[in-house]
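Convention: sequence-line order gives letters A, B, ...; per-chain numbering from 1. The basis for the numbers below is simple: all heavy atoms, side chains too, and nothing from hydrogens, waters or symmetry mates.
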Amino acid sequence: MSDAKKFMFVNRKAPYGTIYALESLEVVLITAAFDQDVSLAFLDDGVYQLKKGQQTKGIETKNFSPAYRALEDYDVEKLYVEKEAMDARGLTEEDFIVDVTVLSRAEMGKLMDEQDVVLSF
Amino acid sequence: MLHIINQSPLNSSTLDTCLNTASGGDILLIEDAVYAATKGNAAEAKLRAANGKFKVHVLMPDLEARGLGDRMMDGISAVDYGGFVELVANSKNCQSWL
Amino acid sequence: MKFGIVVNEGPYQHQASDSAYLFAKAAIEKGHEVWRVFFYHDGVNNASRLTEPPQDDRHIVNRWAKLAEEHKVDLVVCVAAALRRGIKEENLAQGFRISGLGQLVESGIKCDRLVTFGD
């Protein structure tokens with residue numbers, strides 16, 4: 001992993017309204033297969049991607065949220081949620097489908113600075 | 001780090017999120033984000049307050065296209081596409097706030 | 001310096017592809033290398049051979065192809081995103097190729113900078 005780059009995927013969009021969240025997740029899974037240092041950041045409406053209990057039958061769309069739980073199998077374990085974004089949406093860590101690390105804005109900003117590649121969709 | 005923003009500040013929280021979250025560096029306003037850098041826009045004060053923590057740049061061809069080439073606020077720098085390239089090249093890393 | 005570019009939006013609908021093209025052109029003029037442009041999400045529509053803009057408008061698809069031919073830029077269209085949106089070999093414009101998401105990751109690994117244009 002010494003020559004691996006630090007890739008961060010910044011998610012700021014809610015699921016279903018647009019396809020960005022789903023197609024972003026597809027890139028994350030591929031990146032993990034390249035043995036890179038992968039982390040995911042959830043800011044703004046991106047935190048809604050992680051909400052437990054998504055029921056998509058009524059909109060006839062595939063519920064892709066279980067895939068966040070599968071990230072662990074790909075050794076993607078760095079999932080960061082911005083506290084201010086979570087609070088502003090009335091959510092807590094218990095609302096999420098996976099374990100996450102909650103960071104303050106300042107901590108999130110510092111982490112972004114440390115990345116080699118930051119991708120946002 | 002170079003932060004690239006492309007959304008109007010009155011239509012999207014992107015600029016606010018960047019200003020609140022990012023730890024500093026350069027900000028480049030492109031596409032509809034250039035409206036933030038115009039005199040009298042509600043975002044002008046925010047950019048003024050962020051000056052120092054960030055160095056703000058605006059992509060002039062986008063500002064001119066929108067009829068606001070003569071309304072750029074003071075204290076920020078205007079760049080063309082070549083300047084955009086230099087900003088990316090001279091920053092350690094970059095992020096498009098989409 | 002070696003640049004990678006990502007385009008996430010379709011042509012004409014959104015400025016992203018125009019901004020990306022003008023950035024790429026400026027980078028090449030400054031002596032940099034644009035190693036690969038990766039088209040993802042609706043960005044795959046930039047590779048449709050069936051695109052026919054009015055005569056007095058820019059031809060976004062052909063403009064990318066010309067830049068690629070003159071400066072050896074690798075134009076890659078994501079296969080999964082393309083198939084979802086009906087872009088296949090049979091309607092792929094000249095100068096583009098269809099490949100996997102690994103090509104995007106490779107851009108991040110091999111390029112000095114990766115710049116994304118989207119919504």
Side-chain angles (χ1 to χ4, degrees), chain B residues 1-18 21-22 25-38 56-69 77-98, chain C residues 1-44 46 57-58 60 63-64 67 71 73 78 81 104-105 107-119:
Chain B
M1 176 174 241
L2 172 66
H3 304 277
I4 302 164
I5 302 193
N6 77 331
Q7 301 279 331
S8 165
L10 299 176
N11 225 1
S12 147
S13 62
T14 303
L15 178 64
D16 286 332
T17 301
C18 174
T21 303
D26 291 278
I27 290 178
L28 173 64
L29 306 167
I30 69 168
E31 300 174 0
D32 287 349
V34 298
Y35 291 120
T38 56
V56 182
H57 312 264
V58 63
L59 190 63
M60 208 55 191
D62 274 334
L63 198 59
E64 285 169 348
R66 287 158 177 80
L68 290 160
S77 83
V79 297
D80 57 10
Y81 284 96
F84 183 174
V85 171
E86 290 306 292
L87 278 171
V88 174
N90 294 333
S91 305
K92 187 174 79 69
N93 48 12
C94 65
Q95 158 165 214
S96 298
W97 288 75
L98 304 178
Chain C
M1 190 169 263
K2 191 184 270 206
F3 285 98
I5 293 174
V6 187
V7 179
N8 289 333
E9 296 298 327
Y12 304 104
Q13 170 79 13
H14 194 287
Q15 202 186 339
S17 183
D18 291 290
S19 298
Y21 171 78
L22 293 168
F23 178 89
K25 198 159 72 102
I28 291 165
E29 279 164 10
K30 284 195 167 282
H32 297 292
E33 178 191 0
V34 176
W35 187 64
R36 177 174 291 159
V37 182
F38 190 85
F39 297 89
Y40 197 38
H41 301 286
D42 273 359
V44 299
N46 283 286
D57 199 357
R58 71 228 186 272
I60 295 180
R63 202 171 59 169
W64 275 120
L67 189 79
H71 302 282
V73 181
C78 170
L104 168 57
V105 182
S107 296
I109 295 170
K110 292 209 172 151
C111 294
D112 300 303
R113 302 285 185 278
L114 187 61
V115 188
T116 308
F117 294 87
D119 184 39

**Request:** Against chain C, label B/S12 side chain, backbone, both or neither, depending on which of its atoms sit under 4.5 Å from a heavy atom there.
**Result:**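 Neither part.
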
**Heavy-atom contact with chain C under 4.5 Å, split by part of B/D80** =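 Contact with chain C is absent: no heavy atom of B/D80 under 4.5 Å.
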
**Message:** Atom CD of residue position C/Q13 - does it have more than 12 heavy atoms of other residues, nucleotides or ligands inside 6.0 Å?
**Reply:**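 Incorrect, the count does not exceed 12.
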
**Message:** So for atom NZ, which belongs to C/K2, do other residues, nucleotides or ligands contribute more than 12 heavy atoms lying within a distance under 6.0 Å?
**Reply:**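 Buried by this count: over 12 neighbours within 6.0 Å.
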
**Request:** For B/Y35, enumerate each residue passing the ring-ring contact (aromatic ring centres under 6.0 Å, His included) test, keeping only those at least two apart in sequence or located in another chain.
**Result:**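 Partners of B/Y35 by the ring-ring contact (aromatic ring centres under 6.0 Å, His included) criterion come out as none, since no residue qualifies.
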
**Asked** Relative to chain C, which of B/P61, B/G83, B/S91 shows the most heavy atom pairs under 4.5 Å?
**Response**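 Looking at each option in turn, the highest pair count goes to B/S91.
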
**Prompt:** If you round to the nearest 0.5 Å, how far is CG of B/D32 from NE2 of C/H14?
**Reply:**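 It comes to 7.5 Å.
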
**Asked** In Å, rounded to the nearest 0.5 Å, how long is the span from CE of C/M1 to CD of B/E86?
**Response**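 The distance works out to 9.5 Å.
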
[X] to [Y] - nearest heavy-atom pair and separation:
X      : Y     : value
C/A26  : B/G82 : CB-N, 3.8 Å
C/G118 : B/E31 : O-OE1, 4.2 Å
B/A89  : C/F3  : CB-CZ, 4.2 Å

**Item:** Side chain, backbone, both or neither of C/N8 within contact of chain B (heavy atoms, under 4.5 Å)
**Value:**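 When you check distances to chain B, only side chain atoms of C/N8 fall under 4.5 Å.
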
**Message:** Between C/E29 and chain B, with a heavy-atom cut-off of 4.5 Å, which part of the residue counts as in contact: side chain, backbone, both or neither?
**Reply:**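 The answer is neither part of C/E29.
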
**Message:** Can you see whether C/Q15 engages B/N6 through a side-chain donor-acceptor pair at a distance of less than 3.5 angstrom?
**Reply:**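 No, no side-chain donor-acceptor pair sits under 3.5 Å.
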
**Item:** Derivation of the side-chain contact (heavy atoms from CB on, under 4.5 Å) call for C/D119 and B/Q7
**Value:** CA-CA 8 Å; C/D119 184 39; B/Q7 301 279 331; 3.6 Å; yes

**Prompt:** If we only count heavy atoms from C-beta on, is the B/F84 to C/L22 side-chain gap below 4.5 Å?
**Reply:**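 SC-SC contact between B/F84 and C/L22 ruled out.
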
**Prompt:** Looking at B/I4, B/I30, B/V85, which hits side-chain contact (heavy atoms from CB on, under 4.5 Å) with C/F23?
**Reply:**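 Exactly one option meets the side-chain contact (heavy atoms from CB on, under 4.5 Å) with C/F23, and it is B/V85.
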
**Message:** Treating C/T116 as the side-chain partner and B/S96 as the backbone partner, does any N or O pair qualify as donor plus acceptor under 3.5 Å?
**Reply:**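 Between the backbone of B/S96 and the side chain of C/T116 there is no qualifying donor-acceptor contact (under 3.5 Å).
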
